[in-house]
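Shown next, in structure tokens, is the structure this report addresses.
Since the structure is predicted, the reported quantities are computational estimates derived from the model, not experimental observations. Letters A, B, ... are given to chains in the order of the sequence lines, protein chains preceding strands, and every chain is numbered from 1.
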Amino acid sequence: MVRDNAYRDNRRGGGVDTPMTGMIRYLPLMMASALWATIVLLWPTNTASEDSMIAWLNITLLTILSLVLLNYGLRILKEEQERRAGSRLRAKLVIALVSMLLMPTAILQVAANQMVERGMDVWFDVRVDTLLDQALNLAQGFYARVDSDLKQGLSSAMNDRELINYVAALPLSYSLLNRHLQETLLHEGWQSIQIFDLNERLVANVRLEALSGIESDALEEEAKSTLTLGLVSTRFVSRDGEEIAVGYAPLRAHQNIIGILRAQVKLPGSVVKNARAVEADYRTYRQLERNRQSIRGTFTHAMLIATLLIIIAAGIVAVAFARRLTYPIGELANALERVTEGDLSVSIPTAPEDELGSLVHSFNRMTLRLKQNVEALEQTQKELTGALDSSRQRQYVMETLLANLQAGVLLIDAKGNIRLLNQAVRELLNLSNEWMPGRPIAALCSGRLHMVCQFYDELQHQQEGNLQRELEISVDHRNLHILGRGVRLSGSGSAGFSGYLMVLDDVSSLAEAQRHRAWAEVAQRLAHEIKNPLTPIKLAAERLQRRFRKTADNTEVFDSCTHAIITQVERLQRLIVDFSDLARMPKPKPTAVLARELTTDMRELYSAYKRLQVEGFTDDVECFCDADQIRQVLINLMDNALAATEATKAPVHLYGSHDDHMVEFHVQDGGSGISNDSAEHIFDAYFSTKEDGSGLGLAIAKRIADEHQGELLLISNAQPTHFCLRLPIEEPSMEPS
Amino acid sequence: MHIQAKLGRMSSFEHILSKWTTAIFALVVIFFQAGMAMAESESSPMKITYDDQVVYCSVGPVGISDEAILALNQGTPVTLIWDISVEEVRNYWTNKSVGEVVVARQAIPDLISKSLIIADAKNGISRRVSSIDDAIAFLSELRRFPILDRSLLTPGVSYSVEVSFAIREGQFKETWWSETTRIGTTAAEEELILP
């Protein structure tokens, strides 16, 4: 049973719970908790930033993964309770596969973070910082120098009296002005120079041919401020991929602005390119530096996303793999459960082409073989059951036969042990409970049953196969005449039985009837032969007494002799009457008689005896009997009781009782009682404990009781001496004897 | 039997898919709502004026973060995106959008010449300023900015004018998802009822 339970546990994936497997069971929930903690730690704080989107994506992925783990963990616990086949193995596989991936991924994550950290330290090295600052300063210095030179040149031109005179002269001498501007252009190293009047109209324009992108159109805001404020201003402009320094200077004559000078210098392309490259690098570097934490966070989040995606993918693959792997195991477990429950028709239809498939095929072969064996067993069982039923029927018939058999049957094996005894033998011999199968008969046959052992010994030691003897055994103060018949059984083979069969029949009634019949014949003859001479003898003795008494010498002797003759003759006459009664006992003519009348008759008949107590029946119960014969029986019992108490004057008690079937008349007396030896023969004819008794009274009484289908029993042989006459209430059915 | 099993699996799979889709959608909604709820708000003075044809809005100056100022100092362009929306106020339903104006003002530092170009990123109009303060003033303030044609508004009806802004560092690139992913700071909100 215990092994069966263990099997069931193992079959359902239960197995033996170790602390490790117990912890594994809760691992998904622990991982979900860890993920929730991670979510709290990584919760984005700078929500306004666009970089936080990746953080939110991370949070979402983490949340999904934690929910998946939570769901999976709860499902594992649920399946653990339901003990679904293969669930634990599947959980273990999934957890193992994910854990196998989780560990290197986590290590990789940490290593990558460290590398990024170190890499950032290298990228944002102080030397790079200084170098970029210096490069930017250099570029700024170059631009500042160009700007300064342009401003200085513009200041010189602004104070050039010759130029102012040319501009202020009316009418303008364009040739002189242009020549002077040409000289200034060459002197200052500018690429173009223009002069505008106060109406912003171009007055003069000198330029180098190489400068294609030089602006020569309308004035800009700076020029207007120059006109307004009267100050030199410069600016850098980009045009067509080139950078040009543009400067404006007011031209004054007598403290009045008469025009604007615009000069343009084209910056060297290579220098500009390098300067802008430095600026771009500086800008990028500073931007990266500012976003250092953000970059680190972004990288961490990106790595985390990659890790989470890998874990989710691995989890999905692991679940699919575990399902594929454990599906046949689950099928096997379910099939085993069905086999355990007795369904041997189970078969697993599909199986992968691997070791599990081989296992499934083996299982199918095993169940098929089991089914065949069970069918064969069932067939054998059916045959055996049939045989057993037949045997049981025989046994039943035999037991019923034995139970209903009037004769007692005793079966003793070769070792002398009782193998079987029926109820009849128990009742017949009034056997104690020690008489039971398996007990040795030699140890039980003692006392009144020694005749049984003698019979058994004789049966054992005689040469012939059977034996018949009449046994006299005392049972309940009665001597039963038992006819014992014994047979020696000599079986051979496994079904054979060696021993002795003893059949005991109660032939007491038969013996008694035979004895009665013999005595009746003797009595008839005796009565016939003795009765006739007794009357003349008695008359002669009386005549002698009357005629010769007076002449007798010794009257006393004469009286004594004649009296003795008369008394003995009377006694002999009574004896002969009894003999005659015994021989000529008429058949009873039973009718329904009130039992109370019988006791009332006895009370009236023996009213002279004060020590007699009669307790009649209180109700109108009837008994089915011949009233005259029953009165004779009761009178006999009363006479005996009164005679037994004559000396001691002990009370005699007559009372009645009844049940549903029988009426009982009890006669008790407090006399000296009957010895045990006498009690065994008390109902025998011609057995008497009285000196002048014929020994026929109780024999006749018992015969009357028997002929009424009743009983006359000696309940107690002394203190008190108790007789009981039992008579049927209703007419008994006369069974054929 | 086999088909039934397959259908059963399909049904189960669809059930699981539906369940997880719902859960994920709920999560996204929760996070989005949380993000929206966590968006900062900043109270700034706003003045709405109008003439016969146009409704104007003046708002600011709003606070420019130190990070943005540092970015400008270090040569990184900074763009301030103003989002002005006008909605008709409804009592028992969500407000009805009447109009929305997005203005992107940009400051591009020139580290070499130590000046800044300020420009409207939408229409490309720009000018050069020499100080960061001028650039910040340009970015952080809208003065009498036309937001709506007056004919779109019904006199006597309550409208809600909400101005929010978002600061972006680096080159400004308008993309189709910019608007949906932009999480701004509410600068001001005011009710407008035309006579």
Side-chain angles (χ1 to χ4, degrees), chain A residues 43-53 55-57 59-64 67-68 71 132 136-144 146-147 220-222 233-238 243 245 267 271-272 274-291 294 349-350, chain B residues 1-2 9 16 19-21 23-32 34-42 65-78 108-115 117 127-130 164-171 175 177-178 180-185:
Chain A
W43 192 266
T45 51
N46 187 10
T47 53
S49 169
E50 282 183 352
D51 294 336
S52 63
M53 290 306 294
W56 284 115
L57 181 63
I59 293 296
T60 307
L61 279 175
L62 281 169
T63 309
I64 291 169
L67 286 175
V68 169
N71 178 50
L132 279 172
L136 185 65
N137 287 337
L138 202 61
Q140 286 175 339
F142 172 74
Y143 273 63
V146 170
D147 185 63
E220 298 163 326
E221 288 296 321
E222 286 84 355
S233 66
T234 59
R235 69 182 179 98
F236 292 94
V237 294
S238 297
E243 288 201 19
L267 275 67
V271 177
V272 168
N274 289 333
R276 290 300 170 190
V278 167
E279 185 197 20
D281 289 343
Y282 181 86
R283 183 185 292 133
T284 307
Y285 178 80
R286 291 298 175 198
Q287 194 169 2
L288 287 172
E289 192 182 34
R290 279 199 313 279
N291 297 330
S294 172
T350 57
Chain B
M1 187 71 176
H2 183 67
R9 277 201 297 274
I16 290 166
K19 193 170 69 176
W20 280 106
T21 307
I24 290 166
F25 179 74
L27 271 174
V28 169
V29 168
I30 288 166
F31 285 140
F32 184 73
M36 292 298 286
M38 290 174 73
E40 294 170 13
S41 66
E42 184 179 300
S65 63
D66 292 341
E67 288 83 2
I69 295 169
L70 181 64
L72 283 175
N73 278 322
Q74 292 183 340
T76 303
V78 170
I108 304 165
D110 185 351
L111 291 176
I112 305 294
S113 64
K114 296 183 179 175
S115 61
I117 298 168
R127 68 189 172 91
R128 186 177 288 267
V129 293
S130 57
S164 63
F165 69 96
I167 298 173
R168 296 282 179 272
E169 292 181 20
Q171 290 295 329
T175 53
W177 66 82
S178 301
T180 52
T181 58
R182 185 167 55 237
I183 300 170
T185 305

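Judged purely by atom type and a 3.5 angstrom limit, A:Q140 uses its side chain to pair as donor or acceptor with the backbone of B:L111.
Residue contact with chain A, scored on non-hydrogen atoms closer than 4.5 Å, is absent for B:I117.
Heavy atoms only, all atoms of each residue included: A:A139 and B:I112 are closest at CB-CD1, 3.5 Å.
The pair A:R283-B:D110 does not count as a salt bridge, with every side-chain nitrogen at least 4.0 angstrom from each carboxylate oxygen.
Note that CZ of A:F236 and CZ of B:R128 are 9.0 Å apart. Values are rounded to the nearest 0.5 Å.
The side-chain hydrogen bond (donor to acceptor under 3.5 Å, both in side chains) test applied to B:T76 returns A:R290, not counting sequence neighbours.
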